[in-house]
Amino acid sequence: MNPFDPELHFRLGSMLALAGWVMLALSPPARRWTPMVWRLTGLVLPLVLGVAYVLLFAVHHGPGGYGSLQAVRQLFDQPGLLAAGWLHYLALDLFVGTWIARRGAALGLPHAALLPCLALTFLFGPAGLLAFAALCVLTRRPLFET
């Protein structure tokens, strides 16, 4: 088994992230296990995915770059870098989802009100963050601490 196989990283990363999202969704702030879940989903899993990202990027780096859309396309035409990009999304979306859960709890928002924001973040990244910002505006709560 090749430890740098892009398909392996894709599958394992996806399973880890999905497990994190399920735990996050099932962990309202009043539960005693929620702080542990937040550490896992907001730090441990994103760091594990980050290590896999860096390894894949280092091993599979090749032509392409970030200077144009065509350069990015060339970069992600390589399966190893496409898998690395996927891990990038998984890590950062889970990190943001955990921030939403923690911030929502700190603002006293019901966990049920956060679930649509978490689902949108899981599926569409920034759309979930926008939904959380809208929820804060609608409930007259500050998005960030002042």
Side-chain angles (χ1 to χ4, degrees), residues 1-29 31-107 109 111-137 141-146:
M1 177 188 320
N2 176 4
F4 301 110
D5 174 36
E7 188 63 38
L8 175 66
H9 281 261
F10 175 84
R11 284 193 317 262
L12 291 177
S14 295
M15 287 189 303
L16 279 175
L18 181 59
W21 281 105
V22 168
M23 288 187 285
L24 196 56
L26 297 176
S27 298
R31 301 291 186 211
R32 70 177 184 277
W33 67 79
T34 297
M36 181 182 63
V37 168
W38 287 347
R39 278 189 297 279
L40 186 64
T41 61
L43 183 64
V44 175
L45 290 178
L47 288 175
V48 168
L49 293 167
V51 167
Y53 164 81
V54 168
L55 289 173
L56 278 175
F57 205 88
V59 169
H60 295 282
H61 189 66
Y66 302 103
S68 68
L69 188 56
Q70 182 59 35
V72 171
R73 179 183 301 176
Q74 187 178 21
L75 192 68
F76 289 122
D77 273 345
Q78 302 167 69
L81 296 183
L82 182 59
W86 180 245
L87 295 177
H88 175 275
Y89 281 112
L90 293 176
L92 290 179
D93 286 354
L94 188 55
F95 182 85
V96 169
T98 303
W99 179 84
I100 288 170
R102 292 180 73 136
R103 184 69 185 142
L107 294 172
L109 292 167
H111 188 68
L114 299 175
L115 290 176
C117 300
L118 294 176
L120 282 171
T121 305
F122 170 63
L123 295 171
F124 304 111
L129 183 58
L130 288 170
F132 180 69
L135 179 62
C136 287
V137 168
R141 289 178 166 90
L143 183 59
F144 295 106
E145 294 180 47
T146 56

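One is the number of the first residue; the rest follow in order along the sequence.
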Closest approach of [X] and [Y], non-hydrogen atoms and distance?
X: Pro46; Y: Leu94; value: CD-CD2, 4.4 Å
X: Met23; Y: Leu40; value: CE-CD2, 3.3 Å
X: Pro6; Y: Ala83; value: O-CB, 3.6 Å

Notebook entry, point to check: Stepwise, does the side-chain contact (heavy atoms from CB on, under 4.5 Å) test hold for Asn2 with Leu8?
Noted result: CA-CA 8 Å; Asn2 176 4; Leu8 175 66; over 6 Å; no
Rounded distance (nearest 0.5 Å) linking atom [atom1] of [X] with atom [atom2] of [Y]:
X: Trp99; Y: Leu129; atom1: CH2; atom2: CG; answer: 6.0 Å
X: Leu90; Y: Met15; atom1: CG; atom2: CE; answer: 12.0 Å
X: Leu118; Y: Leu123; atom1: CG; atom2: CG; answer: 11.0 Å
X: Trp33; Y: Leu26; atom1: CH2; atom2: CG; answer: 8.0 Å
X: Gln74; Y: Leu81; atom1: CD; atom2: CG; answer: 10.5 Å
X: Ser27; Y: Arg32; atom1: OG; atom2: CZ; answer: 11.5 Å

Within the structure provided, determine whether [X] and [Y] are in side-chain contact (heavy-atom separation under 4.5 Å).
X: Leu43; Y: Leu47; answer: yes
X: Cys117; Y: Leu135; answer: yes
X: Gln78; Y: Pro63; answer: yes
X: Thr121; Y: Phe95; answer: no
X: Leu24; Y: Trp38; answer: yes
X: Phe10; Y: Leu87; answer: no
X: Arg11; Y: Ser14; answer: no
X: Pro35; Y: Arg102; answer: no

So, [X] side chain and [Y] main chain: donor-acceptor pair closer than 3.5 Å or not?
X: Arg103; Y: Leu143; value: yes
X: Thr98; Y: Thr41; value: yes
X: Arg141; Y: Cys136; value: no
X: His60; Y: Asp5; value: no

Next item on the list: In sequence, state the C-alpha distance, the side-chain angles, and the governing distance for Phe122 and Asp93, and then conclude on side-chain contact (heavy atoms from CB on, under 4.5 Å).
Entry: CA-CA 6 Å; Phe122 170 63; Asp93 286 354; over 6 Å; no
Note to self: Check this for me: His88, atom NE2, are more than 12 non-hydrogen atoms of other residues, nucleotides or ligands nearer than 6.0 Å?
What the structure shows: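 Atom NE2 in His88 is not crowded, with 12 or fewer foreign heavy atoms closer than 6.0 Å.
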Checklist line | Parallel, tilted or perpendicular: ring planes of Phe4 versus His9, cut at 30 and 60 degrees | finding: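 Taking His9 first and then Phe4, their aromatic rings lie parallel (interplane angle under 30°).
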